[in-house]
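First the proteins, then the strands, lettered A, B, ... as listed; each starts at 1.
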There are 2 protein chains.
Amino acid sequence: MTESGENKLMYYFKKWSDISEDDETIILSAFETTSIKRKKDLLVTGDVCQYLYFITSGCLRSYYVDEKGVEHIYQIRMDNNWISDLESFFSQRPSKYYIEALEDSQLLRISTERLEQLYTQVPKLERYFRILFQKAYINALERLNATMWESAVDRYNNMLKEHPDMFQRVPLVYIASYLGITPESLSRIRKKK
Amino acid sequence: MTESGENKLMYYFKKWSDISEDDETIILSAFETTSIKRKKDLLVTGDVCQYLYFITSGCLRSYYVDEKGVEHIYQIRMDNNWISDLESFFSQRPSKYYIEALEDSQLLRISTERLEQLYTQVPKLERYFRILFQKAYINALERLNATMWESAVDRYNNMLKEHPDMFQRVPLVYIASYLGITPESLSRIRKKK
DNA sequence: TTCATTTCTTAACATAGGTCAAGTATCCGG
DNA sequence: CCGGATACTTGACCTATGTTAAGAAATGAA
């Protein structure tokens, strides 16, 4: 496990939940490092998502493929974020999604059993994850409202403001899909500026 | 506090988190009952959302009003569900939303401070709410995918299957808005059946 | 029981964004 | 540093859903 990897992970744990030295050691030992090459899959449809991943560095997308074979991206995540298919991870049922690396990435991962164990060993972690999911849920509702009621142009502008970094690192095809539009539409929106 | 009200609340707490007799007493004493009449507001835009509400019986909607004065419903909740503006509730900043009763409703409520206190008194509650938000987040992502990538017809059919009870109790205007379409569109969809 | 209000439907027309197809630019692996 | 693969743009045309407007049906308060 790289030094910087550990530190970033702990930073976010400590931010919301007060963790002792001992707890810190226990937590760190529960995670393992992995890395993944650009274009490789971390998860494929039909598999059970075995891990919850923390992205130390890099960039990944999660998407599903509809009956017509079209990919729909619902998440793009970069450094210092969690990624997983939570539904599959927590239910241990086959996933409907793919998770693919858009850049060579460094990850920390933890399995369901190990995480459950960790909750028992360090009950304060429940608080961290409670707040994490609380925030994630609030964000998801915001994004839902935006996709339902705002125009593609507004969503694009908003994304440009909120995640300017993504435009540096992620191909526009993927950003278009994340915004819920076609690459052609995104291209037209950008032209108008 | 009505007997049935208490019981339903505790049922959901105990389902995910094991709560002792003593804990139960503490939890119950932290909630207060309120009721609200049909068409009355539980929360109006600009106010800080002071409470997290558990619906013992009844039905409420949350919505926001855009610049053009159009209402957009993002949540309809009935018996045995939580309702609140979580963003405002947790940040204690003014809300962007309204919460209005669609039926006369019975509620249990708890304030931010009281809830924080309760987390300290009964740390196991963190687990309950962690799982609650986890599930809520997963649902919100599903709904996001559906609104982005499925047709209005598919979303309607899905809602009919998932929440048939809503069609008995909630006017179609509101269901249309919840689905992200106009009442006219919903009417056309229903005619085609 | 009745009438005002709210809810739902229908139809004609408008529009954002999708689809298809083709061409250009850019990137990255050998 | 070259060439095929990937990413991006453009244009013509199409479609799902929105808009406006009007009337019918259902509901609930007096």
Side-chain angles (χ1 to χ4, degrees), chain A residues 36-41 58-59 61 63 65-73 76 98 100-105 144-160 166-193, chain B residues 37-41 58-59 61 63 65-73 76 100-104 145-160 166-193:
Chain A
I36 183 163
K37 286 279 172 200
R38 189 178 128 80
K39 306 230 170 179
K40 293 290 172 204
D41 292 319
C59 181
R61 65 174 179 136
Y63 64 96
V65 179
D66 69 19
E67 330 77 55
K68 289 172 194 150
V70 183
E71 293 179 2
H72 301 290
I73 300 177
I76 298 175
Y98 287 86
E100 190 204 70
L102 296 178
E103 298 174 356
D104 293 356
S105 305
L144 182 71
N145 274 332
T147 35
M148 274 209 219
W149 307 114
E150 284 170 26
S151 69
V153 178
D154 289 351
R155 274 178 282 144
Y156 168 77
N157 286 327
N158 211 49
M159 181 155 177
L160 207 53
M166 280 199 188
F167 289 82
Q168 305 309 117
R169 293 166 63 177
V170 179
L172 293 177
V173 220
Y174 298 142
I175 292 180
S177 181
Y178 179 85
L179 287 172
I181 58 178
T182 58
E184 293 93 332
S185 285
L186 181 55
S187 194
R188 275 172 214 134
I189 289 170
R190 286 160 54 83
K191 201 170 95 175
K192 272 187 224 139
K193 292 244 109 179
Chain B
K37 284 280 171 200
R38 191 177 126 81
K39 308 231 169 180
K40 293 290 173 203
D41 292 318
C59 179
R61 65 175 179 135
Y63 64 94
V65 179
D66 71 17
E67 329 79 55
K68 289 171 194 151
V70 183
E71 293 179 1
H72 301 289
I73 299 178
I76 299 176
E100 189 203 69
L102 297 179
E103 299 174 356
D104 294 357
N145 275 332
T147 35
M148 274 209 215
W149 308 114
E150 282 170 27
S151 69
V153 179
D154 289 351
R155 273 178 282 143
Y156 169 76
N157 286 327
N158 210 50
M159 183 154 176
L160 208 52
M166 278 199 189
F167 289 82
Q168 306 307 118
R169 293 167 61 178
V170 179
L172 292 177
V173 221
Y174 296 143
I175 292 182
S177 181
Y178 180 84
L179 287 171
I181 58 179
T182 58
E184 292 90 337
S185 285
L186 181 55
S187 195
R188 279 185 286 240
I189 289 170
R190 287 159 54 83
K191 200 171 92 176
K192 272 186 228 145
K193 291 244 114 185

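For A:Ser151, no side-chain nitrogen or oxygen approaches OP1 or OP2 of C:dA16 to under 4.0 Å. For the OP1/OP2 pair of C:dT9 and a distance below 4.0 Å, the side-chain nitrogens and oxygens of B:Ser187 include at least one atom meeting the criterion. Applying the 4.0 Å criterion to OP1 and OP2 of C:dA11, one finds that B:Lys191 has a side-chain N or O inside that range.
Near DNA chain D, meaning a heavy atom under 4.0 Å from it, residues 167-183 of chain B has B:Gly180, B:Ile181, B:Thr182 in order of number.
Taking the six-membered ring where tryptophan is involved, the planes of B:Tyr156 and B:Phe167 are perpendicular, since the angle between them exceeds 60° and thus also 30°. Ring geometry for A:Tyr98 against A:Tyr63 counts as parallel: the plane angle stays under 30°, on a 0 to 90° scale with 60° as the upper cut.
Judged by distance alone, the side chains of A:Asn145 and B:His72 never bring a donor and an acceptor atom under 3.5 Å apart.
Taking atom CG of residue B:Leu186 and atom C1' of nucleotide C:dT9, one finds them 11 Å apart after rounding to whole Å. Nucleotide C:dC27 holds its P atom 16 Å from the CG atom of A:Leu102, rounded to whole Å. Straight-line distance from the NZ atom of A:Lys39 to the C1' atom of C:dC27: 10 Å, rounded to whole Å. As rounded to whole Å, 11 Å separates atom P of D:dG28 from atom CD of B:Glu103. Atom CG in B:Asp104 sits about 11 Å away from atom P in D:dG28, given to the nearest Å. Atom CD1 in A:Ile189 sits roughly 14 Å away from atom C1' in C:dT15 (whole-Å rounding). At whole-Å resolution of the value, CD in A:Glu150 and P in C:dG17 are 12 Å apart. The NZ atom of A:Lys192 sits 13 Å away from the P atom of D:dG11 (whole-angstrom rounding).
The backbone N or O of B:Met148 lies less than 3.5 Å from no partner atom in the side chain of A:Thr147, so there is not a single donor-acceptor pair. Using modelled atom types, one side-chain atom of A:Arg169 and one backbone atom of A:Gly58 make a donor-acceptor pair closer than 3.5 Å.
At a cut-off of 3.5 angstrom, counting only N and O atoms as typed in the model, there is a donor on one side and an acceptor on the other between the side-chain of A:Glu184 and the base of C:dC20.
The line from CG of B:Leu172 to CD1 of B:Ile189 is 11.0 Å long, rounded to the nearest 0.5 Å.
Closest approach of A:Ile76 to A:Met166, counting heavy atoms only: O-CE, 3.4 Å.
Toward the 5' end of DNA chain D, the nearer of the two residues A:Ser185 and A:Trp149, judged by each one's closest nucleotide, is A:Ser185.
Picking from C:dA12, D:dT10, D:dT20 the nucleotide with the shortest atom distance to the side chain of B:Arg188 gives C:dA12.
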